[in-house]
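Only one structure is covered here, and it is reproduced in the block below.
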Amino acid sequence: MTDILTMDDLSLRGKTTFVRVDFNSPINPDDKTILEDTRIRAHGETTIKDLSQKGAKVVVLAHQGRPGEPDFIPLKQHAEALGGILGKPVKYVNDLFGEKARANINALEDGDILVLENVRGFPGERKKGSPEEHAKTEFVENLAPLGDVFVSDAFAAAHRAHVSIVGFTAVLPSVAGRIMERELKALGKAVEKPEKPCVYILGGAKADDALKISQYVLNNEIADYVLAGGVVGHLFLAAKGVDLGAPNMAFLEKKELAPFIPGITQLINEYPRKVKVPIDLAVEDDRKRRELSVTELPTNFPIYDIGSRTIEDYSEIVKKAQSIVISGPMGVFENTQFAAGTKQVLEAVAASTAFSLVGGGHTVAAVEQLGLKEKMGYVSTAGGALIEFLMGEELPGVAALKTAAERMKHNR
Ligand code: 3PG
């Protein structure tokens, strides 16, 4: 990685260092507690620990959820979890760039760690922009003068040209953190021609990228099969003309997924044997799991998992694969009644001899919970960013680091 610089290229002792990590974790919708701390642990045990040990004054920037979603919560719990992981006190301030935040940053001693508030509390955070444009936001303008260095470690969010991902790179010396470094090295090797048959398993609730990915991997003959589960599965079924029932169709509308349906229909017609959709599903009826064949739809109950026959079909395809990419769970696995799809498909992936690449916050959490990590080829902290990387796209967060490195080399 000669085109970006790392934490080894700078002296960090006594330097106020903003580190952008990806702490975005699965959250229990009922009590708003963190269900799984894999990402916090990943950044904590590597980059943050290293920065603190090197004597930097560490200021952590991170997001959790998206505004308006149930998992959009403050980062207090994340800071507590980080303290537990590191076995040392971690400060937290419920402010991002106001007076309170700035006073806390100014009070830091060498080696101290401070977590600022969820960056997505800043209304302009998720606007797409260039590093230079974002450097002019009040967020960066208020914080950057207090800092000496920016460490970009959120590979999992590097596909977002958001303020906290790229804005600081225009105004501060900027280097990759340990997770960013590790992901770029490992995935760089993995993207070269996957062995055939190659299976892409797409699930989860963030179904807005599924069409783009499926088109790319099928049109470029990368994947031999695309298996759809989770909300992606619902969307693909709707694209086949299946009426899922009022609550489930309303969910697709609410998530603004309906506009993808015509494109998915076209893709399914083009690759009828390569695109696999669920043949049965599990709904929640009177708080219990009940399985329905797709031919029995529509249903007035919410769909929360793929059904047993689909699990069997998908597992058979997985068995014959030589390479597998899986991103996104097959259902609401946080609820044990609806964990079967995710659990059994992941077990099939773990049992296969294929090289498996696993991504997505929730998927990685499920892999950890099930104790399957050692049996997977490579487990990435990223979901959407991983997929965009696999599609050969330059991630804005990585591009910004390259530009910063050029500038820093030039200024030396
Ligand atoms: C992820 O979980 O994929 C990253 O944290 C990015 O989150 P986003 O899709 O809400 O931008």
Side-chain angles (χ1 to χ4, degrees), residues 19-27 29 34-44 47 60-75 77-78 81-82 115 117-129 134 152-167 177 179-180 183-184 187 201-213 230-232 235 254-257 260 325-329 333-334 342 357-368 379-391 393 395-398 400:
V19 53
R20 175 58 159 104
V21 293
D22 191 337
F23 278 176
N24 198 21
S25 305
I27 301 294
I34 296 173
L35 285 167
E36 232 290 333
D37 66 0
T38 308
R39 281 179 167 172
I40 305 174
R41 193 168 286 283
H43 291 285
T47 310
V60 179
L61 296 167
H63 75 276
Q64 171 63 57
R66 299 176 181 176
E69 301 279 334
D71 61 347
F72 178 62
I73 60 166
L75 299 185
Q77 278 184 70
H78 302 67
L82 179 63
V115 177
E117 194 44 281
N118 189 340
V119 293
R120 292 189 176 174
F122 171 55
E125 164 65 12
R126 289 167 72 230
K127 218 175 124 207
K128 269 193 199 167
H134 283 333
S152 175
D153 207 29
F155 175 78
H159 56 318
R160 309 288 183 211
H162 292 174
V163 175
S164 64
I165 301 289
V166 300
I179 294 295
M180 177 68 84
E183 297 271 13
L184 290 174
L187 295 173
I201 308 171
L202 303 178
K206 291 182 194 166
D208 33 2
D209 288 337
L211 171 59
K212 193 170 77 171
I213 301 156
V231 178
V232 178
L235 187 63
K254 190 180 137 213
K255 291 266 174 187
E256 296 176 2
L257 294 169
F260 295 104
V325 175
I326 178 162
S327 180
F333 79 95
E334 296 91 328
T342 305
L357 191 51
V358 185
H362 286 73
T363 321
V364 173
V367 166
E368 290 273 353
V379 179
S380 171
T381 56
L386 166 70
I387 296 290
E388 293 207 12
F389 188 88
L390 294 179
M391 285 172 56
E393 289 185 14
L395 308 182
V398 178

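Just so it is clear, the model here is predicted, and its values are computed rather than measured. Order of listing sets the numbers, starting from 1, for every ligand and every atom in it.
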Return the minimal non-hydrogen interatomic distance between R39 and T381, and the atom names on each side.
NH2-O, 2.7 Å
Side chain to side chain contact (heavy atoms under 4.5 Å, CB included) partners of A366, counting only residues at least two apart:
F333, T342, L346
My understanding is that only residues two or more places apart in sequence, or in another chain, count here; which of them pass ring-ring contact (aromatic ring centres under 6.0 Å, His included) with F260?
none
K255/E69 ion pair, N-O < 4.0 Å
yes
Keeping the roles fixed (side chain from H362, backbone from P26), state whether a donor-acceptor pair exists under 3.5 Å.
no
Protein N/O near ligand 1 N/O, under 3.5 Å, which pairs?
| unit_1 | atom_1 | unit_2 | atom_2 | d |
| --- | --- | --- | --- | --- |
| ligand 1 | 2 (O) | N24 | ND2 | 3.2 |
| ligand 1 | 2 (O) | R39 | NH1 | 3.0 |
| ligand 1 | 2 (O) | R39 | NH2 | 3.4 |
| ligand 1 | 2 (O) | K206 | NZ | 3.2 |
| ligand 1 | 3 (O) | K206 | NZ | 3.4 |
| ligand 1 | 5 (O) | D22 | OD1 | 3.3 |
| ligand 1 | 5 (O) | D22 | OD2 | 2.6 |
| ligand 1 | 5 (O) | N24 | ND2 | 3.1 |
| ligand 1 | 5 (O) | R39 | NH1 | 3.4 |
| ligand 1 | 5 (O) | H63 | NE2 | 2.9 |
| ligand 1 | 7 (O) | K206 | NZ | 3.4 |
| ligand 1 | 9 (O) | R66 | NH2 | 2.7 |
| ligand 1 | 9 (O) | R160 | NH2 | 2.7 |
| ligand 1 | 9 (O) | K206 | NZ | 3.0 |
| ligand 1 | 10 (O) | R66 | NE | 2.7 |
| ligand 1 | 10 (O) | R66 | NH2 | 3.4 |
| ligand 1 | 10 (O) | R120 | NH1 | 2.9 |
| ligand 1 | 11 (O) | R120 | NH2 | 2.8 |
| ligand 1 | 11 (O) | R160 | NE | 2.7 |
| ligand 1 | 11 (O) | R160 | NH2 | 3.4 |

E388: what forms a salt bridge (Lys or Arg N to Asp or Glu O under 4.0 Å) with it, not counting sequence neighbours?
K212
